[in-house]
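For reference, the structure is listed below as structure tokens.
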Amino acid sequence: MLANKITAEKLNLYYGENHALKSVSMNIREKAVTALIGPSGCGKSTFLKTLNRMNDLVPGVRIEGKVTLDGEDIYDPAVDTTLLRKKVGMVFQQPNPFPMSVYDNVAYGPRIHGIKNKAKLDEIVEKSLRSAAIFDELKDRLKKSALGLSGGQQQRLCIARALAVEPEVLLMDEPTSALDPISTLKIEDLMAELRNDYTVVIVTHNMQQAARISDYTAFFLVGEMVEFGTTDDIFARPKDKRTEDYITGRFG
Ligand SMILES: Nc1ncnc2c1ncn2[C@@H]1O[C@H](COP(=O)(O)OP(=O)(O)OP(=O)(O)O)[C@@H](O)[C@H]1O
Ligand SMILES: [Mg+2]
């Protein structure tokens, strides 16, 4: 049994009157991939964003309950959210490289965290691009604009940018839904590598993808987490009828 990296305890989230997360409790295992699945609007992105306090930025949001990272309450008022988000990085559905060079995209976070030494930055940029399986494709284009890359390259660059600050957890919200099948496969292969070093939480609408890449799966329905288990169990032996209906395509 793997250790718990993140725990959510009776987490409730309200966007104004909209009760978007209903008493969600979950243990997210260290150095494993956890997939969040469920129909549109069920709260997957909302739950993901509670794990690095991205929802704090939404006006009118109210959060009750507890989220811990390595046993520490991340909603404690003393927590530095910049440091939290360094530990818990995020990759979004649409690749969102900054309008600057490939190199500067990856060096951006380390520079913000105070690294100025050129040789050190060179090393971080190369290592991060290698970890995101894109160094060989981009090594001759480091000074070129990131906006000139293909969508799949941009997404791997965004993963490299997230890895550059040495996070412990990587949150990914439908990272391949805007990509072609070949780029999708590259990112799936990459996730198989990342799970050795990082705790990964990924939202996906693609059931085959969840089954292929994740160790654990959580099924959400209208703000509730209906079922959590090993991906093998969730897909082969779901306990809840609603989970079964969803994964067999009867709704959603
Ligand atoms: N910033 C926001 N302000 C107000 N309501 C929001 C906000 N973000 C999400 N919601 C609402 O919270 C609920 C859950 O939304 P969420 O984006 O978490 O769903 P999701 O499972 O990620 O859906 P999808 O699969 O379509 O991405 C929905 O009712 C949505 O309208
Ligand atoms: Mg979403």
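Order of listing sets the numbers, starting from 1, for every ligand and every atom in it.
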Heteroatom distance test (Cys42, ligand 1): nitrogen or oxygen, under 3.5 angstrom
yes

Presence of N, O or S from Gln93 under 2.8 Å of the Mg ion (ligand 2)
no

Shortest heavy-atom approach to atom 13 (C) of ligand 1 - which of Gly41, Gly38, Ser40
Gly41

Check the angle between the aromatic planes of Tyr14 and His19 and answer parallel, tilted or perpendicular using the 30° and 60° thresholds.
parallel

Give the residue and atom name of whichever protein heavy atom lies nearest to atom 1 (N) of ligand 1, and the separation in Å to one decimal.
Val58 CG1, 3.6 Å

Electrostatic pair Asp215:Arg195 at N-O distance under 4.0 angstrom
yes

Go through ligand 1 atom by atom and flag the ones less than 4.0 Å from a non-hydrogen atom of Ala20.
12 (O)

Could you tell me if the side chain of Glu126 sits less than 4.5 Å from the side chain of Lys139, heavy atoms only?
no

Restricting to heavy atoms, the pick from Tyr15, Phe47, Tyr14 nearest atom 9 (C) of ligand 1 would be Tyr15

Can you report which non-hydrogen protein atom sits closest to atom 22 (O) of ligand 1, along with the distance?
Ser45 OG, 2.8 Å

Out of the candidates Arg161, Arg111, Lys143, only one should pair with Asp104 under the side chain to side chain donor-acceptor pair (under 3.5 Å) rule; please name it.
Arg111

Are the charged groups of Lys5 and Asp70 less than 4.0 angstrom apart, N to O?
yes

Pair Gln209, Thr176: side-chain N/O donor-acceptor within cut-off below 3.5 Å:
yes

Heavy-atom pairs closer than 4.0 Å: do any link ligand 1 to the side chain of Asn18, the backbone, both, or neither?
side chain

Qualifying residue, where the test is side chain to side chain donor-acceptor pair (under 3.5 Å) with Ser214 and the options are Thr230, Thr34, Thr231
Thr231

Find all atoms of ligand 1 within a distance of less than 4.0 Å from any non-hydrogen atom belonging to His205, and give their numbers and elements.
24 (P), 25 (O)

Which of the atoms in ligand 1, numbered in the order shown and given with their element, are less than 4.0 Å from a heavy-atom of Thr46?
14 (C), 15 (O), 16 (P), 18 (O)

Closest approach of any protein heavy atom to atom 27 (O) of ligand 1, naming residue and atom
Glu174 OE2, 3.6 Å

Between Glu137 and Lys186, is the closest basic N to carboxylate O distance under 4.0 Å?
yes

